[in-house]
Every structure is written in structure tokens, then in C-alpha cells.
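Have a look at the structure below before the remarks.
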Amino acid sequence: MFGTVFFPDTGDRLTGIVASFATLAVGFFARPLGGIVFGHIGDRFGRKNTLVITLTMMGIATLLIGFLPTYAQVGSLAPVLLVILRFIQGLAVGGEWGGAVLMAVEHAPEEKKTFYGGIVQAGNPAGALLATGAFSILTLNGKEFLLEWGWRLPFLASALLILVGILIRIGVQESPVYEKAERSNATGQQKSPLREAVGKNWRTDPPGDWNSAGGYRWLIPCNYLRYGICHRTGDRCLRDIDPERTVCRLPC
């Protein structure tokens, strides 16, 4: 779908699909940077404040995607704007993911910390299922409706979820671990949390940071699903399959 809306001038379907995946990849490569930036902010100014900032960034970027002009309206500016918003989303998710896990684990009882941290991880596939379900319902109205303006609806509807999320987070108590560190003035003494983290964990941090990008977890399922659809229907895959019916959508 995004190949048609934002990359129609690529010459063939395969190039448009690859361009769409490249746009998706921008957000994943921005995640480690978001983790670094917002990890520092969270250690200095609090987990709660950081999570409100990241959720607001994510919400604004997602909502603006719903208002983006198409390639037919503004030409090459459309995909450029999409890439910028995807980068902002990636930054936000990089800070959001680590911050949410920290809040859950630091609030949890000692014997249930791993369980609470795992619940946060379940939010990612749950969101993907909701996004796929929303787009699947919209496809029932036909290809023309979806390409004309129907694709915007899930992004615009996300504003309600973001508003609810921000209200919940404003009411959440700060992490007890951070409050204890703040009372002992440990947060003020720690001038560079990133330098301390890398200095103590330089062997394990880089692999973890790149794993957090997580792009492989989207690309592999998308390619297997596309292959499965082609194999099941007897089509000759990318050349014959209708790219508008792809099950892979741009996640938030």
C-alpha cells in the first residue's frame, strides 16, 4: 500500500515494495539512538517524565503520518516526510521500550520482576495484531477506498490511544529505584550515565543495542508470509501477487 501511495514512480512493484521496507527500516535503525538519548534523560530526570515525552513524540509522529500528502500531491516531498516521521517514531520507541521495562521491573516485587518485564514485551505483538486487524477491516471497503484516504484512519485513530496513555502515565508514580537514587543524590553525581554504562558493560551493550533495533523480527515474518501466500495460491510471488493485499503494515 505505501509503495503505491508514496513510491509510485519507482518503475516496478518490487522496487516500490523494497522502498517501503527501507522506510520501515529507518525507524528500527533509530531505536538504539533513542535508547541512548532517553536512557540518559531517564537516569537524570526520571523514568516517568521520559515516558511521557516518548509517548508524546510517538503520538505526534503517528498522527502526522495520517495527515501526510501523497506522492501524487507533492511529489518526492511525501516520502521524505514519511522517512522523517518514521525516524522520530524510532527514536521514541528506543526510549519507550527500555523506559517501560524499567518502570515495570522497578515497581515489581522482587520475585516477579522478570514476569512484569515480560508483560511489557507482549505489548509489541499486541499492537501489531491491532494494526493488522484495523487495516484488514479497511480492506473490506475496497482497494480504491483504502488507497484514496482509508489508509489514514488507523493513524488518525491512534490519537485517542495516545491521549489515554498520556493520562495514565501522568498518574503513575515515579520508579522507587529512581526516587531512592535521587534522595541519595546519585542522579546528580552521575554526569554521564551513557559513559558509565558503556564503561562497565562494553562487551554486552553493543549486541543488545543492535538487537533492540529488531528489524529482523519484522522482515522475516513479512517475507515468510508473502512466500506462504504465493505458495498457497500458486502465484509466482513478487511478480504476480497484488502488493496492495500485503499483510505487512508500517507499525508505530
Side-chain angles (χ1 to χ4, degrees), residues 24 26-68 81-108 116-117 119-124 126-128 130-131 154-183 185-198 205 208-214 250-252:
L24 179 65
V26 169
F28 288 112
F29 281 110
R31 288 187 181 189
L33 179 59
I36 292 172
V37 172
F38 289 107
H40 179 92
I41 294 174
D43 283 346
R44 293 297 304 274
F45 305 105
R47 321 288 197 228
K48 175 180 175 179
N49 294 332
T50 303
L51 286 175
V52 171
I53 293 172
T54 56
L55 185 59
T56 302
M57 282 179 58
M58 172 62 71
I60 292 174
T62 304
L63 183 63
L64 288 178
I65 289 178
F67 287 108
L68 278 181
L81 293 175
L82 178 62
V83 168
I84 292 174
L85 292 178
R86 278 295 300 157
F87 185 82
I88 294 174
Q89 283 184 322
L91 285 177
V93 172
E96 175 82 11
W97 210 325
V101 172
L102 272 178
M103 282 289 278
V105 171
E106 291 178 352
H107 273 286
Y116 278 54
I119 292 177
V120 176
Q121 177 67 17
N124 189 8
L130 287 174
F155 294 98
L156 299 178
S158 69
L160 179 60
L161 293 177
I162 298 298
L163 179 60
V164 172
I166 290 176
L167 291 176
I168 292 174
R169 288 191 177 180
I170 290 176
V172 171
Q173 292 183 342
E174 180 57 90
S175 161
V177 175
Y178 177 80
E179 289 183 333
K180 181 179 179 180
E182 192 174 36
R183 286 193 297 270
N185 199 31
T187 57
Q189 296 173 357
Q190 193 180 42
K191 295 183 178 180
S192 179
L194 173 61
R195 185 183 306 165
E196 182 173 338
V198 174
D205 273 355
D209 291 339
W210 286 111
N211 181 58
S212 71
L250 281 175
C252 294

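Basis for what follows: all heavy atoms, side chains included, without hydrogens, waters or symmetry-related copies.
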Exercise. Determine, stepwise, if the pair Leu51 / Leu55 fulfils side chain to side chain contact (heavy atoms under 4.5 Å, CB included).
Key: CA-CA 6 Å; Leu51 286 175; Leu55 185 59; over 6 Å; no
d(Ile162 CD1, Leu167 CG) to nearest 0.5 Å is 11.5 Å
In short, Val120 meets Ala104 closest at the heavy-atom pair CG2-CB, 3.7 Å
Taken to the nearest 0.5 Å, the spacing of Lys48 NZ from Arg169 CZ works out to 11.5 Å
Side-chain contact, heavy-atom cut-off 4.5 Å: Met103 with Glu174? yes
Subject >> Side chain Arg86, main chain Leu24, donor-acceptor under 3.5 Å >> reply: yes
Closest non-hydrogen contact found for Ser158 with Thr62 is OG-CG2, 3.3 Å
When Asn49, Thr50, Asp43 are each screened for side chain to side chain donor-acceptor pair (under 3.5 Å) with Arg47, the one that passes is Asp43
When rounded to the nearest 0.5 Å, the distance separating CZ of Phe38 from CD1 of Ile36 is 12.0 Å
The side chain to side chain donor-acceptor pair (under 3.5 Å) partners of Thr54 (sequence neighbours excluded) come to Glu96
So the salt bridge (Lys or Arg N to Asp or Glu O under 4.0 Å) pairs with at least one residue in residues 53-65 (sequence neighbours excluded) are none
ask   = Checking side chain to side chain contact (heavy atoms under 4.5 Å, CB included) for the pair Leu33/Phe87: CA distance, chi angles, key distance, verdict?
value = CA-CA 10 Å; Leu33 179 59; Phe87 185 82; 4.1 Å; yes
Separation between CD (Glu106) and NZ (Lys180), nearest 0.5 Å, reads 11.5 Å
### Query
Under 3.5 Å, is there a donor-acceptor pair between the side chain of His107 and the main chain of Gln173?
yes
Rounded to the nearest 0.5 Å, the OG1 atom of Thr56 sits from the CD1 atom of Ile166 at a distance of 3.5 Å
CZ (Arg44) and OH (Tyr178) are apart, to the nearest 0.5 Å, by 8.5 Å
